Amino acid sequence: MRILALPLVRQSDAPIFLHVHLTRPPPKPAAKTSFLKAVTSFEQWSAEKWYGFSKKPAKSVSYRIWKGGETVKGWSDWRETFLKNVPGVGEVAWDEKAKFLVEVHHPPNVRKPQIEEQISTILAQRIPHHQQRLTLSIVALPVSMLFILLPTPNIPLMWNLYRLYSNWRALQGAKTLTKARSETGISYIADRELAEHLVGWKEGTIPHATLAALEKEWGDGLDSETKRAIEQFKKQGKQDMSL
């Protein structure tokens, strides 16, 4: 598994954005528990119902609900998306023959301790956050299921299932990173080819053209995820992103 570490603004203490790229599909997951089977089944049902809303007429209530919901989903914290894209502990091989490797590629001007601190902060903050939110989603599940009795789409149940699955998925990714740091280690690679993509970037936030070029190697979604991270950093007041 490769992780791309990018500074969001052109300065030494810039926030670091992390993006997961799987070099190959993870091995088949271990046998699922009854709880996991139930969660996966409900999430798949919810996803199918939600997808059906997108096919409704543009002026219908269902389509408008879907469009608004997609906007809300886009507000998800970029760190959650990052963790959700990391394979779960049971989805990767930890034995010596098929050792699970994590490579963090970063521009040479970004220091390794800076990235390590970012990963440590994400794990320290997001693990308790997702544990708490997962518990809340489980507690709310019986209540949200009651809405199925109404002659309208059960939006509360679908949203709750989506959040339950998202929090569980993010926790699995966090556990994988935690285990990789303590057992197999994480390699940090000062990527010269990556630096070449950033040559034309002189100031301000990372340009769209640069992200579009990097997407060819690092997968779709990099541009939109990075833009979302920049907006969230702005709102948090972590950095003057206009520099």
Side-chain angles (χ1 to χ4, degrees), residues 18 20 26 28-92 121-179 221 224-225 227-229 231-237:
L18 302 171
V20 173
K28 292 182 179 180
K32 297 179 179 178
T33 63
S34 56
F35 171 74
L36 178 54
K37 287 181 180 178
V39 170
T40 304
S41 177
F42 273 124
E43 195 277 335
Q44 290 174 346
W45 171 84
S46 176
E48 290 172 3
K49 289 289 184 180
W50 188 250
Y51 177 74
F53 284 5
S54 69
K55 300 302 180 182
K56 299 291 184 181
K59 293 184 179 180
S60 67
V61 175
S62 295
Y63 181 83
R64 292 176 181 177
I65 290 173
W66 171 81
K67 193 169 184 179
E70 287 296 302
T71 300
V72 173
K73 284 168 67 177
W75 297 342
S76 298
D77 194 296
W78 73 267
R79 295 168 296 180
E80 177 181 309
T81 304
F82 164 65
L83 291 175
K84 284 170 63 176
N85 288 333
V86 176
V89 174
E91 296 177 300
V92 297
T121 301
I122 288 176
L123 294 176
Q125 293 178 349
R126 302 307 293 185
I127 289 177
H129 171 86
H130 290 298
Q131 286 174 334
Q132 181 187 54
R133 296 305 174 92
L134 177 61
T135 301
L136 289 174
S137 292
I138 294 173
V139 171
L141 195 56
V143 177
S144 60
M145 290 183 70
L146 292 176
F147 287 87
I148 204 167
L149 300 174
L150 299 177
T152 56
N154 193 341
I155 304 303
L157 178 59
M158 281 187 263
W159 177 254
N160 192 44
L161 288 172
Y162 167 72
R163 292 309 307 152
L164 190 155
Y165 184 80
S166 294
N167 285 300
W168 175 82
R169 182 77 251 183
L171 275 175
Q172 302 313 301
K175 290 178 180 178
T176 296
L177 282 180
T178 301
K179 186 170 183 177
S224 59
E225 288 175 21
K227 287 179 180 177
R228 175 150 50 97
E231 290 302 316
Q232 289 173 0
F233 272 110
K234 283 182 180 179
K235 291 178 181 178
Q236 293 168 5

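As the structure is a prediction and not an experimental result, all values here were calculated from the model. Numbering starts at 1 and runs along the sequence shown.
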Evaluation steps, side chain to side chain contact (heavy atoms under 4.5 Å, CB included), between Leu141 and Leu161 | CA-CA 8 Å; Leu141 195 56; Leu161 288 172; 3.8 Å; yes

Would Arg133 and Leu136 satisfy side chain to side chain contact (heavy atoms under 4.5 Å, CB included), going step by step from the backbone distance to the final call?
-> CA-CA 5 Å; Arg133 296 305 174 92; Leu136 289 174; 4.1 Å; yes

Could you give me the CA-CA distance, side-chain angles and deciding distance for Asn154 and Phe147, then say whether side chain to side chain contact (heavy atoms under 4.5 Å, CB included) is met?
-> CA-CA 6 Å; Asn154 193 341; Phe147 287 87; 3.2 Å; yes

Residue pair Trp78, Ile122: steps toward the side chain to side chain contact (heavy atoms under 4.5 Å, CB included) verdict | CA-CA 11 Å; Trp78 73 267; Ile122 288 176; 3.9 Å; yes

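For the 3.5 Å distance criterion, the side chains of Arg79 and Gln232 fail to qualify, holding no donor opposite an acceptor. The closest side-chain donor-acceptor pair between Arg228 and Ser76, if any, does not fall under 3.5 angstrom.
Counting only distance, with no hydrogens or angles, the side chain of Ser144 and the backbone of Asn160 share no donor-acceptor pair below 3.5 Å. Side-chain N or O atoms of Asn167 include none that pairs as donor or acceptor with a backbone N or O of Gln131 at under 3.5 Å.
Within the 4.5 Å cutoff, no side-chain heavy atoms of Gln132 are placed close to those of Ile127. In this structure, the side chains of Lys175 and Thr178 stay at 4.5 Å or more apart for every pair of heavy atoms. Counting heavy atoms from C-beta on, the side chains of Arg163 and Ser166 come closer than 4.5 Å. Contact of the Phe82 side chain with the Leu177 side chain is registered, since non-hydrogen atoms from C-beta on lie closer than 4.5 Å. Taking 4.5 Å as the limit, some side-chain heavy atom of Glu80 sits within range of a side-chain heavy atom of His130.
Taking both residues in full, the closest heavy atoms of Val89 and Thr176 are given as N-OG1, 2.9 Å, listed atom of the first, atom of the second, then distance.
Note: Glu225 CD to Asn85 CG = 6.0 Å, rounded to the nearest 0.5 Å. From Asp77, atom CG reaches atom CD of Gln125 across 9.0 Å, with rounding to the nearest 0.5 Å.
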